[in-house]
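Below is one structure, written out as structure tokens; comments come after it.
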Protein chains: 2
Amino acid sequence: MKKVTILDIAKELDITFSTVARALNDHPAISKNTKELVKAAAERLGYRKNKIASSLRSGKSNIIGVLVPSLDVSFFSSVVHGIESIMNQNGYSVLLYQSQESYKKEDKGIETLLNSRVDGVIASIAINREDSGTYEDIINRNIPLAFFDRSLDDLNAPSVTIDDYKGGYMATEHLIKAGYKNIVHITETRNLAIFKERMRGYKDALKAYGLPLNEDLILKGNLSLDFGKECVKNLTSRKIPFDAIFTLEDFTAMGVIQQLKVQHINIPHEVGIIGFANEAFGSLVSPTLSTIDQQTNRMGEEIALQFLKMLKAGDFYKSAPLRIKLDPILIIRESSQGPTWENI
Amino acid sequence: MKKVTILDIAKELDITFSTVARALNDHPAISKNTKELVKAAAERLGYRKNKIASSLRSGKSNIIGVLVPSLDVSFFSSVVHGIESIMNQNGYSVLLYQSQESYKKEDKGIETLLNSRVDGVIASIAINREDSGTYEDIINRNIPLAFFDRSLDDLNAPSVTIDDYKGGYMATEHLIKAGYKNIVHITETRNLAIFKERMRGYKDALKAYGLPLNEDLILKGNLSLDFGKECVKNLTSRKIPFDAIFTLEDFTAMGVIQQLKVQHINIPHEVGIIGFANEAFGSLVSPTLSTIDQQTNRMGEEIALQFLKMLKAGDFYKSAPLRIKLDPILIIRESSQGPTWENI
DNA sequence: GTGAAAGCGCTAACAC
DNA sequence: GTGTTAGCGCTTTCAC
């Protein structure tokens, strides 16, 4: 099939290509009759508008760049799912880039997106990012930028995150109310605001309920199922008393559960557990895992809608950026039903 | 920041813009000295190549379209993860489109990708697609097309799938060898080759081991956790004897497990179970779920590499398309350890 | 209501 | 080794 342009349609109908262009774009000054003729001819010839040419000329690509650490993490793929759905409904396409949790690849990604002349960028930063670096380029070029979940708050860009502080607080408060007293928190060594916030929530909840803050009960490492196991081994071998664990995310919690089972420590009666993120497996494992839901789909949709507003508004960095914090949702399952044996 | 073009660099250095263009593209005929000067100036002025302009002129966008049902399904997000990683390493970007399992949205997606002048399309078809429809447009335009997992074999396009027949056979064979005799298969009503193949494998394995094929033991519905539960209720209420279940995918298997537990039927001694897909939760649930791994990351990488070959080769539809079938991997866990109580 | 013409920022063929 | 020139297929301003 030969590629057909508006010129071919123009020749076919013996009118000029500018009339064709206008007809195809539903320009008001074109008669209904002409429009119909043009559209019929376009269909007949198998015409497809060349978006590249129109982007070059108009300066708008109708593409937005989405930069995430990795689609292999369900949290991100779920948010991207939401973003693409909404963007798609509004006439935008999504150009995807994964940083693989490396700020270097992230910088390369921003460069690629910028070169591709995306109309905007939605991003969630890599775990090892130290400075705002290349992100500033986006702002300097006056291209809309928005963050979700992991944001750079120094930059004047809007963001949609969940309230991690509140999530940490809720999780800890739930354990306290369930009757647990020596609550361990497992967190990350690496420097990411969301994890710090969760820990801050943990600490404040303890304080609010008059429980002592014991630094021995805060364990730091690199999140993973195995790290969860290690933590349990570590605590028990050091004979540190504890009756509940709040982990920074669900996989670590799962490691904790597995190791406790190995050591025949009853969940939830001897040790209560709550994770964070509401991974799919939480409702399927035994005992089912209490957790904090992050409203991933809602986050994707919310950031996309926010972004569309920005695009319409035009002046992206004039006013203070909107920072939306979604409420985390406490999901209580079997793993934190309370130490009912404690009175024995 | 004003947008800077090769013309600005040319003025700055008092040379012509074509020299600048060549220098930036590392053209061999340009002196090392000039190249360095140009690159330094580009850096200094904050130049970014306008990919849109270069795509328009060269006819290559260096973007490939990826069309999948939904990123909310871990199988697809995992494959897309692999595709993007490889493409990215080879200088291509990924334009993402989700069909949401609707062939209408899929058609719209193909149109969008074609309009965006992607250099190729990698797709996995929607579950309700009946004809090859718009996919033919891609081929007619001589744009490389490749499928993964769910393909349209009528079209002359390469594909990477797993050998679903073999997977079905392996799963069934495993149950037989473990000692189960009355093996149920739960499959889909909707018409998708991959599910039919799994069933064909099931049937052939029974035959190969001299077990009778009982149509009562083949249940059809819409895959879901709830459907798994229903199947168990259905079988037990109709008092149909069975001692193992092979489900078309893991979530359905999970429903089966949950319902068997409710009815206090022991797994794996009274009933053995194997799923399909190796979802993340399989190793975390209790009992851990035997399943068939689909090599998702490998599939993504394989299809991407295959695709890059196509792009280099140039003549996309001249020869018979390569259809790569990856071997499924049997993963044996607790849920199918065999009916050791049967001898009691 | 339609036509004419310019130009978006590059690539690449042809000069010298 | 570098300059000249002609588009790629649209959008958009200015005519009439």
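In what follows, chains carry the letters A, B, and so on, assigned in the order in which the sequence lines appear, proteins first and then strands, with residues in each chain numbered from 1. FYI, side chains are in, hydrogens and waters are out, and symmetry mates aren't considered; it's all heavy atoms of this structure.
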Next on the checklist: If we ignore hydrogens and angles and just use 3.5 Å, is the side chain of B:S61 paired with the main-chain N or O of B:I63 as donor and acceptor?
Outcome noted: yes

Sorted by chain and residue number, the salt bridge (charged side-chain N to carboxylate O under 4.0 Å, His left out) partners of B:K11 (sequence neighbours excluded) come out as none

Taken in chain and number order and not counting sequence neighbours, the residues that satisfy side chain to side chain donor-acceptor pair (under 3.5 Å) with B:Q306 are none

A:L24 CG to C:dT2 C1', in whole Å, measures 15 Å

Residues at least two apart in sequence or cross-chain that pass side chain to side chain donor-acceptor pair (under 3.5 Å) with B:D107, listed by chain then number, are B:R129, B:T134

Its 5'-most and 3'-most nucleotides having an atom under 4.0 Å from a non-hydrogen atom of chain A, DNA chain D is contacted over D:dG9 to D:dT13

Contacts satisfying salt bridge (Lys or Arg N to Asp or Glu O under 4.0 Å) that involve residues 51-64 of chain A (not counting sequence neighbours) are A:K60-A:D119

Angle separating the five-pair end axes of the helix from C:dG1-D:dC16 to C:dC16-D:dG1, nearest 10°, is 30°

Sorted by chain and number, sequence neighbours left out, side chain to side chain donor-acceptor pair (under 3.5 Å) with B:K39 holds for B:D26

B:R150 meets the side chain to side chain donor-acceptor pair (under 3.5 Å) criterion, sequence neighbours left out, with B:E101

5' to 3', nucleotides 3-10 of chain C under a 4.0 Å protein heavy-atom cut-off (B base, S sugar-phosphate only, - none) gives BBBBBBBB

Touch class at under 4.0 angstrom, heavy-atom based, for B:S55 against every strand present:
nothing

Contacts satisfying salt bridge (Lys or Arg N to Asp or Glu O under 4.0 Å) that involve residues 65-81 of chain B (not counting sequence neighbours) are none

Applied to residues 97-156 of chain A, the ring pair (Phe, Tyr, Trp, His ring centres under 6.0 Å) test, sequence neighbours excluded, yields A:Y135-A:F147

Contacts satisfying ring pair (Phe, Tyr, Trp, His ring centres under 6.0 Å) that involve residues 47-84 of chain B (not counting sequence neighbours) are none

